[in-house]
Amino acid sequence: MSGIRIGDIPDVKAIEALGLELLANSVYSKVKPDNVKFKQTVASLMGSKKGIVLVVVDDQDQPQGFLLGIVDDLFFSQERYGTDLAVYVREGYRHHAAKLLKQFVAWAKSKPKVAHIAMGVSSGIGDIDRVGRIYERLGMSRVGGIYVMEN
């Protein structure tokens, strides 16, 4: 049955393919990806208490989406924050997106010293206002924006 679960090492290859889809359709489409670095980052998050990898899976338990998240120290405090590094869910599985985000928020809240949780839409993919409404339903407030310049 399709749903959401914690990602594990056997999922890394499928997450890599999903990551390439994400990049190809994002503002980062002209940036050359480093697949080895990406897979190392995903595996590192899986093995770290400060990281999480959640996957949206189909009826065959194959990843169709992912969320990479982390908690880290605020640069000005001993307290920490939780944030997403990347989120992508294929068409046909996006109805799981709200639950995916909610699961990440619950995980981040469970970590010690987390003062706040920040999530954004930095890829330029999808309906930004719709995603914003999902974040607001999770209890978040809009506090800024992201601006990009190619070099």
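Numbers for residues simply follow the sequence, beginning at 1.
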With ring-ring contact (aromatic ring centres under 6.0 Å, His included) as the rule and sequence neighbours excluded, what pairs involving residues 51-81 come up?
none
For residues 91-112, pull every pair meeting ring-ring contact (aromatic ring centres under 6.0 Å, His included), keeping only residues two or more places apart or in separate chains.
F104-W107
Linking I/L/V/M/F/W/Y whenever any side-chain heavy atoms sit under 4.5 Å apart, do [X] and [Y] land together?
{"X": "V131", "Y": "V56", "value": "yes"}
{"X": "Y28", "Y": "F38", "value": "no"}
{"X": "V89", "Y": "L67", "value": "yes"}
{"X": "I146", "Y": "L85", "value": "no"}
{"X": "L138", "Y": "V71", "value": "yes"}

Taking every non-hydrogen atom, the tightest pair across [X] and [Y]:
{"X": "V87", "Y": "L22", "result": "O-CD1, 4.1 Å"}
{"X": "D11", "Y": "P63", "result": "OD1-CG, 3.6 Å"}
{"X": "L18", "Y": "Y88", "result": "O-CD2, 3.6 Å"}
{"X": "I9", "Y": "A43", "result": "CD1-CB, 3.8 Å"}

Give the intermediate values and the outcome of side chain to side chain contact (heavy atoms under 4.5 Å, CB included) for residues I6 and L54.
CA-CA 5 Å; I6 298 288; L54 296 170; 3.6 Å; yes
Which ILVMFWY residues are connected to L20, directly or by a chain of links, through side-chain heavy atoms under 4.5 Å apart?
none
Kindly write out the residues that satisfy side chain to side chain contact (heavy atoms under 4.5 Å, CB included) with [X], not counting sequence neighbours, or none if the list is empty.
{"X": "K37", "value": "D34, T41"}
{"X": "N25", "value": "I125"}
{"X": "A97", "value": "none"}

For R94, enumerate each residue passing the salt bridge (charged side-chain N to carboxylate O under 4.0 Å, His left out) test, keeping only those at least two apart in sequence or located in another chain.
E91
Can you list the residues that meet the salt bridge (charged side-chain N to carboxylate O under 4.0 Å, His left out) rule with K99, with sequence neighbours excluded?
none
Donor-acceptor contacts, no H, no angles, side chain residues 111-119, under 3.5 Å, sequence neighbours left out:
| from | atom 1 | to | atom 2 | distance (Å) |
| --- | --- | --- | --- | --- |
| K111 | NZ | K49 | O | 3.1 |

A side-chain contact here means heavy atoms from C-beta on lying under 4.5 Å apart; do V105 and M140 qualify?
yes
Taking C-beta and beyond as the side chain, do V31 and L23 meet within less than 4.5 Å on heavy atoms?
no
Residues pairing under side chain to side chain donor-acceptor pair (under 3.5 Å) where one sits in residues 52-72, two or more places apart or in two chains, turn out to be R5-D61, K50-D72, D58-Q64, Q64-R90
Sequence neighbours left out, what pairs pass side chain to side chain donor-acceptor pair (under 3.5 Å) with at least one residue falling in residues 136-151?
none
Once rounded to the nearest 0.5 Å, what's the spacing between atom CZ of R130 and atom CD1 of I128?
13.0 Å
About how many Å separate CG of L68 and CD1 of I15, when rounded to the nearest 0.5 Å?
7.0 Å
